[in-house]
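Data block below; observations after.
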Amino acid sequence: MPAAISQHLKSRTTRTRGALPRISVVVPLYNEEESVPELFESLQQVFKQMGEPFELILVDDGSTDGSFRVLEDLHRRHKNIKVIRFRRNFGKSAALSIGFAEAAGEFVITLDADLQDDPAEIPGLLQALNDSYDLISGWKRKRYDPISKTIPSRFFNFVTAKLTGIPIHDFNCGLKAYRREVVKEINVYGELHRYIPVLAHWAGYRVGEKVVQHHPRKYGRTKFGISRFLRGFLDLMTILFTTRYIRRPLHLFGVWGIISFLIGAAIDITLSIEWLLGRTSLSNRPLFLVGFLFIIIGVQFISIGLLGEMITRQERDTQHYSIREYLK
Ligand code: UDP
Ligand code: MG
């Protein structure tokens, strides 16, 4: 690790956090018994080279293989390891969420347990953070995954980047580096782990990315099937609604409602004038009904927007900002 960042990490720590580790590594895992020992070895090696102590939080997301025994064994032999075991499989988001809550470090790294993410990237990610970012997301530019995964994933990343306006290429990379504040603030539930950069961005954190080395899965199999894409898009809708429009639902529905209403009104007013002038008979003008349809849809949308405003009224009274500094 370059001296500058090492120094930076040290000075922050001595001032603010005493003997706590500077860096926490959070690993969610579900049935990864073969991979974990190797992962731990390479983490050890990387941090030894950096000359940094680290805290490792292993979250066993309800594994049904021997993963927990492997974790227990590691925990017995190493002081810097915390192990959290879920009662059943609650999903990667839940696992990350508890890991984030427990992380003591000033900086937090997440990576997958399956050896697809390379611990050797950690110093580089921390370095990139230091160049004034709050979150650095790994970018698996060259991916070692089956094509059934890489192509939809590309599309998915493209759409997400366009809809959210965040110019990164790989939202769902397991390998990420965060400043502590980020993980303590964002709320990763459901399957929102795919959108952590979006959650952080909307809270005002500076999100960057860095190309990282990726590897094929060595042991076991992927835990997410084809359903990941469908769910991914539903989650994208959720995230857009809950981040962008939660405090102004009328802005979303109202605009489309008004547009639809105006189109319908224009059609029907024109037809009515023609009818008044005796130029047409409305009984054989299906367009008149189309106009009605637009008007009804418009009114519906506006009403939904207003209902949304009523429902989210309380939401507006709760915290909806994120403070970066507070000098007293
Ligand atoms: N994972 C988890 N809970 C789950 C599914 C996955 O903790 O319900 C972990 C898994 O063990 C791995 C990481 O999340 O460490 C990424 O999963 P996987 O490698 O299956 O995803 P892929 O690489 O296929 O996207
Ligand atoms: Mg994987």
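One-based numbering, in listed order, for ligands and for the atoms of each.
For the Mg ion (ligand 2), the tally of protein N/O/S atoms lying closer than 2.8 Å stands at 2.
The cationic group of Arg88 lies under 6.0 Å from the six-membered ring centre of Phe90 and within 45° of the ring axis, placing it in a cation-pi geometry.
Closest approach of Ser35 and Tyr219 over heavy atoms only: OG-CD1, 3.5 Å. Considering all non-hydrogen atoms of both residues, Pro37 and Glu34 come closest at CD-O, 3.6 Å. Closest approach of Glu181 to Tyr205, counting heavy atoms only: O-OH, 3.5 Å.
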Would you mind listing each N/O atom of ligand 1 next to any protein N/O under 3.5 Å, plus the distance?
unit_1: ligand 1; atom_1: 3 (N); unit_2: Asp61; atom_2: OD2; d: 2.6
unit_1: ligand 1; atom_1: 7 (O); unit_2: Leu29; atom_2: N; d: 3.4
unit_1: ligand 1; atom_1: 8 (O); unit_2: Asp61; atom_2: OD2; d: 3.2
unit_1: ligand 1; atom_1: 8 (O); unit_2: Asn89; atom_2: ND2; d: 3.1
unit_1: ligand 1; atom_1: 11 (O); unit_2: Tyr30; atom_2: N; d: 2.9
unit_1: ligand 1; atom_1: 11 (O); unit_2: Glu32; atom_2: OE2; d: 2.6
unit_1: ligand 1; atom_1: 15 (O); unit_2: Pro28; atom_2: O; d: 2.9
unit_1: ligand 1; atom_1: 15 (O); unit_2: Ala113; atom_2: N; d: 2.8
unit_1: ligand 1; atom_1: 19 (O); unit_2: Asp114; atom_2: OD2; d: 2.6
unit_1: ligand 1; atom_1: 19 (O); unit_2: Arg217; atom_2: NH2; d: 2.9
unit_1: ligand 1; atom_1: 20 (O); unit_2: Arg217; atom_2: NH2; d: 3.3
unit_1: ligand 1; atom_1: 20 (O); unit_2: Thr222; atom_2: OG1; d: 3.4
unit_1: ligand 1; atom_1: 20 (O); unit_2: Lys223; atom_2: N; d: 2.6
unit_1: ligand 1; atom_1: 23 (O); unit_2: Gln116; atom_2: OE1; d: 3.0
unit_1: ligand 1; atom_1: 24 (O); unit_2: Lys149; atom_2: NZ; d: 2.5
unit_1: ligand 1; atom_1: 24 (O); unit_2: Thr222; atom_2: OG1; d: 2.5
unit_1: ligand 1; atom_1: 24 (O); unit_2: Arg228; atom_2: NH2; d: 3.3
unit_1: ligand 1; atom_1: 25 (O); unit_2: Arg228; atom_2: NH1; d: 3.2

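There is a side-chain donor-acceptor pair under 3.5 Å between Arg143 and Ser153.
Heavy-atom contacts from other residues, nucleotides or ligands closer than 6.0 Å to OH of Tyr133 number 12 or fewer.
The pair Asp73-Arg69 fails the salt-bridge criterion, with no side-chain N (NZ, NE, NH1 or NH2) lying under 4.0 Å from an Asp/Glu carboxylate O.
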Scan the side chains in residues 223-235 for donor-acceptor partners under 3.5 Å anywhere in the protein, sequence neighbours excluded, and list what turns up.
unit_1: Lys223; atom_1: NZ; unit_2: Tyr30; atom_2: O; d: 3.3
unit_1: Lys223; atom_1: NZ; unit_2: Glu32; atom_2: OE2; d: 3.0
unit_1: Lys223; atom_1: NZ; unit_2: Arg221; atom_2: O; d: 2.8
unit_1: Arg228; atom_1: NH2; unit_2: Thr222; atom_2: OG1; d: 3.3
unit_1: Arg228; atom_1: NH2; unit_2: Phe224; atom_2: O; d: 3.1
unit_1: Arg231; atom_1: NH1; unit_2: Glu191; atom_2: OE2; d: 2.5

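For residues 54-76, every residue pair satisfying the ring pair (Phe, Tyr, Trp, His ring centres under 6.0 Å) rule, not counting sequence neighbours, is listed here: Phe47-Phe54.
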